[in-house]
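Everything below concerns the one structure shown next.
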Amino acid sequence: MNKKKKPFLGMPAPLGYVPGLGRGATGFTTRSDIGPARDANDPVDDRHAPPGKRTVGDQMKKSQAADDDDEDLNDTNYDEFNGYAGSLFSSGPYEKDDEEADAIYAALDKRMDERRKERREQREKEEIEKYRMERPKIQQQFSDLKRKLAEVTEEEWLSIPEVGDARNKRQRNPRYEKLTPVPDSFFAKHLQTGENHTSVDPRQTQFGGLNTPYPGGLNTPYPGGMTPGLMTPGTGELDMRKIGQARNTLMDMRLSQVSDSVSGQTVVDPKGYLTDLNSMIPTHGGDINDIKKARLLLKSVRETNPHHPPAWIASARLEEVTGKLQVARNLIMKGTEMCPKSEDVWLEAARLQPGDTAKAVVAQAVRHLPQSVRIYIRAAELETDIRAKKRVLRKALEHVPNSVRLWKAAVELEEPEDARIMLSRAVECCPTSVELWLALARLETYENARKVLNKARENIPTDRHIWITAAKLEEANGNTQMVEKIIDRAITSLRANGVEINREQWIQDAEECDKAGSVATCQAVMRAVIGIGIEEEDRKHTWMEDADSCVAHSALECARAIYAYALQVFPSKKSVWLRAAYFEKNHGTRESLEALLQRAVAHCPKAEVLWLMGAKSKWLAGDVPAARSILALAFQANPNSEEIWLAAVKLESENNEYERARRLLAKARSSAPTARVFMKSVKLEWVLGKIAAAQELCEEALRHYEDFPKLWMMRGQMEEQEGLVEKAREAYSQGLKKCPHSTPLWLLLSRLEEKVGQLTRARAILEKSRLKNPKNPGLWLESVRLEYRAGLKNIASTLMAKALQECPNSGVLWSEAVFLEARPQRKTKSVDALKRCEHDPHVLLAVAKLFWSERKITKAREWFHRTVKIDSDLGDAWAFFYKFELQHGTEEQREEVRRRCENAEPRHGELWCATSKDIANWQRKIGEILVLVAACIRNAF
């Protein structure tokens, strides 16, 4: 019996024995317990199963259906109101009346769902937004830190230590291996040790070797031991002398490749030698195996069809790309032998060959293809001497006299007189080339040019360029009355020859004429084609778009011609006159603007804005009497017009004619009494220091127009100026009773209370104003600033959060919120602001200020440009831009900002209005106000 065999093996297990219970290996299920995994489409074991039960999936469905049929009628599943949770009659038959009942119940459910659908969806949407705002994702909380990862350099990233790096110091900081070239003696020594020995050591024979006399014939040599195979040297043997010779040969070859061919003198730079060798390495991006495959395929193509030119060209280019230039040359020359009539093969051969060899190749190509224009052009390009080029091209023209390309290349090399002679011959050989006819016409005298163009029209009756050139020729020689006739005749002739008049092409030609200085031709073309192919109801809209397009392309005369034509068709359209007037104001002269406005008011005498533009133009030019006369004519055409009355008052007050302004206002109050007329009357007295008269006029105005908030503001401000705080408070309070929705009135009252130290009252006023005017960004902004000025920054931040919840798309609030944040969080806030209000000028201005505060001058300037472009009426943007240029710009940049601001004439902006509407600055110009506002700005952001 084997002692190692365990005694319990082969014996039955004791009662109650569970395998693995002692070590806790129970309670898990193995594959043997549940059987093999089966796919739903696997067939079942029963080969004779009926249809519908032949796969595992079918049987699973049947078992699920059987489980579903077992209804749960337990007491725990019963409810006193709803009954059983499941359907008691699901096992019964489903009849037609059941289906109708289900349809009715479904319709009722759908109807009840639709009644509150919008309100419910809106509420759910608001709840989701509120939840996301209160509990942002971790991803959003760390978004600013993630953005900063873009600024981490590669060196900084690599220098970050790995977490839990348990390696030792040598492993963490491996030293670079020092590689030393192995000397030749080392190879020679080890080659000797690697040789095979075929002779037997004498000691082996002495001590029991193979030489012992044994009758079995072992005295014979070892079978095969002396065969030549074992006498060959070892496979590792190298001839060091030959290696050295090969290395020297390779070096000589590379040196000869970079050596100068002149007098055999080398120009190799010792320091740059390695760089030169690197530049000789082929720069192909493919794998070496791909190149081998391509080479094999192309070889197969060449052998299969040796007369196929693309195969030879592709083979040569492959070798060229891999750096084997000589192989490429040999291949392409073989290609010229196999495909002597292929133009492409000859051109490729000329490209690959060096200078003189290329000339020889081209000469050979000409002999095979004497009619090939491209080969002649290539031959001319290879020549470096002008006379040689001319000789080649003239030879080419003898063989191919009808090639326009050859004639053009030949003419370009000639002097004007010789070119004229050549062109006269060229148009005979190529009578259908428009370019040659036009080139000849340019070189001829006026009379001869007319004859040339007439001949060209006879030969090519379907080309518009000849007609346009003829019109330009007449205009250049002062014969402008013929231009219109030529263009009209061109349209008629081209239509007669079946040419479709393409309006876009003609407008493009007109723009080219404009840029070339041919104004009459450009305008004639515009007048001729502007109405072609346009529906009558689309004319005005299309013409205005065309004019804008011409302005964008700097074709101002074309735009002027379009406006002139449109005004002939629509002489009573005020909008067209206005567009034309603004065009002349921006791109024309003062005289052209005034001439246009005179015609405009003659056709549209009721258009007040045209009269006012004319008067303003005269006033800006310093011609006050002419401005007065225009306004007098405007009074006759528009009696009792508020705008014209106020313009006349402004003209007189700006020119220090205060008595005339007073008389005009008095007349206006009696003949055309409006709230604005009264307001201007009050303001005139106020700025002139007549406070009592101004207050009296204000009282009279408020009796007539008590719902005009500006009158209440002026009344309160005059009282405040006099130091009468109680009266000012009373004026504002009365105004708010009449005009509860006037934001400036609420702000004035709040600031008055803050000024006298009543911070609590100011806060209460603003809260009351927000209740009466919900979702008003201006009132929220003032509330935030009130707390900030009081030093309560936490309350200001809380209020700002509430304000952004109520007015999420307010650019004013977002721009303020950016600078309420600490410096590290401002960038993130600005990104959020841009997402909400991408095109809001206040947000763009805040981003520009943010870059300015970070000293990113170029980016800040770019964002300032973007801000004033998107809203040129925002005076604050111009002021900040000017302040920025004062600190970081040149004198030219400052003047540019100032000039653009004066042209834009901004009227809005918190800081701008505070300065421009100050009584002390009432006569200041835009440029002066810009300087004053910029001086008030402090870099405290």
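For the single chain, residues carry numbers from 1 onward in sequence order. What you are looking at is a predicted structure, and each value in this text was computed from that prediction instead of being measured. Note that these values count all heavy atoms, side chains included, but never hydrogens, waters or copies made by symmetry.
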So Leu759 and Leu786, do their side chains get closer than 4.5 Å, heavy atoms only? yes
Please work out whether the ring planes of Tyr565 and Trp543 are parallel, tilted or perpendicular, with thresholds of 30° and 60°. perpendicular
Please determine if Glu753 and Lys768 form a salt bridge, counting it only when a charged side-chain N lies under 4.0 Å from a carboxylate O. no
Hey, could you give me the CD1/CG distance between Ile765 and Leu747, rounded to the nearest 0.5 Å? 11.0 Å
Arg823 vs Ser853, test: side chain to side chain contact (heavy atoms under 4.5 Å, CB included). Steps then yes/no. CA-CA 10 Å; Arg823 278 188 181 274; Ser853 68; 4.0 Å; yes
For Asp109, look at atom CG and say whether over 12 heavy atoms of other residues, nucleotides or ligands are found less than 6.0 Å away. yes
Atom CD of Gln508 and atom OG of Ser549: how far apart are they, to the nearest 0.5 Å? 10.0 Å
Using side-chain heavy atoms (C-beta onward) and a distance below 4.5 Å, is Leu844 in contact with Leu834? yes
Under 4.0 Å between a side-chain nitrogen and a carboxylate oxygen: does that hold for Arg120 and Glu127? no
Taking side chain as C-beta onward, heavy atoms only, is Val301 less than 4.5 Å from Leu297? no
Shortest non-hydrogen contact between Leu779 and Arg770, atoms and distance: CB-CG, 4.0 Å
Any Lys148 side-chain heavy atom under 4.5 Å of Lys827 side chain: no
Heavy atoms of Arg579 and Asp548 approach each other most closely as NH2-OD2, 2.8 Å
Both conditions, 6.0 Å and 45 degrees, for the charged tip of Lys540 above the ring of Phe570: are they met here? no
Heavy atoms, side chains only, cut-off 4.5 Å: are Glu95 and Asp98 in contact? yes
Polar side-chain atom of Asp102 near backbone of Glu99 as donor-acceptor pair, under 3.5 Å: no
Applying salt bridge (charged side-chain N to carboxylate O under 4.0 Å, His left out), run through Glu782 and Arg789 and close with a yes or a no. CA-CA 10 Å; Glu782 185 63 23; Arg789 287 193 294 265; 2.9 Å; yes
Are Glu862 and Arg866 ion-paired here, with the side-chain N under 4.0 Å from a carboxylate O? yes
Heavy-atom check, side chain of Lys96 versus side chain of Glu100, under 4.5 Å: yes
Holding to side-chain contact (heavy atoms from CB on, under 4.5 Å), I want the full list of residues that pass it with Leu820, two or more places apart in sequence or in another chain. Val784, Tyr788, Met800
Using a cut-off of 6.0 Å, state whether more than 12 heavy atoms not belonging to Lys802 lie near its atom NZ. no
Using atom types as modelled and distance alone, determine if a side-chain donor or acceptor of Ser300 lies under 3.5 Å from a backbone N or O of Leu296. no
Please give me the minimum heavy-atom distance between Leu874 and Gly909, naming the atom from each residue. CD1-CA, 3.9 Å
For residues Asn776 and Cys807, report the shortest heavy-atom separation together with the two atoms involved. N-SG, 4.1 Å
Taking the side chain as every heavy atom from C-beta outward, state whether Met713 and Ser742 have any atom pair closer than 4.5 Å. yes
Between Lys829 and Trp814, is there a side-chain heavy-atom distance shorter than 4.5 Å? yes
Rounded distance [0.5 Å steps], CG in Leu771 versus CD in Glu767: 7.5 Å
Asp876 side, atom CG; Leu845 side, atom CG - distance, nearest 0.5 Å: 7.5 Å
N/O donor-acceptor pair under 3.5 Å between Trp780 side chain and Pro774 backbone: no
Is a salt bridge present between Glu754 and Arg785, judged by a nitrogen-to-oxygen distance below 4.0 Å? no
Is it true that Glu787 and Arg763 make a salt bridge, defined as a side-chain N closer than 4.0 Å to a carboxylate O? yes
Shortest non-hydrogen separation from Leu745 to Pro709 and the atoms involved: CD1-CB, 4.1 Å
Hey, does the side chain of Asp871 reach the backbone of His839 with a donor-acceptor pair shorter than 3.5 angstrom? no
Examine distances only and state if a side-chain atom of Ser750 and a backbone atom of Trp746 form a donor-acceptor pair shorter than 3.5 Å. no
Counting only heavy atoms not in Glu838, do more than 12 sit closer than 6.0 Å to its CD atom? no
Taking every non-hydrogen atom, the tightest pair across Val847 and Ser830: CG2-CB, 4.3 Å
Look up atom CD in Glu821 and atom CG in Leu850, then write down how far apart they are to the nearest 0.5 Å. 11.5 Å
Is it the case that more than 12 heavy atoms not belonging to Glu156 sit under 6.0 Å from its CD atom? yes
Stepwise side chain to side chain contact (heavy atoms under 4.5 Å, CB included) check, Val812 with Glu910: CA-CA 11 Å; Val812 182; Glu910 187 180 6; over 6 Å; no
Distance from Ile128 atom CD1 to Lys125 atom NZ, nearest 0.5 Å? 9.5 Å
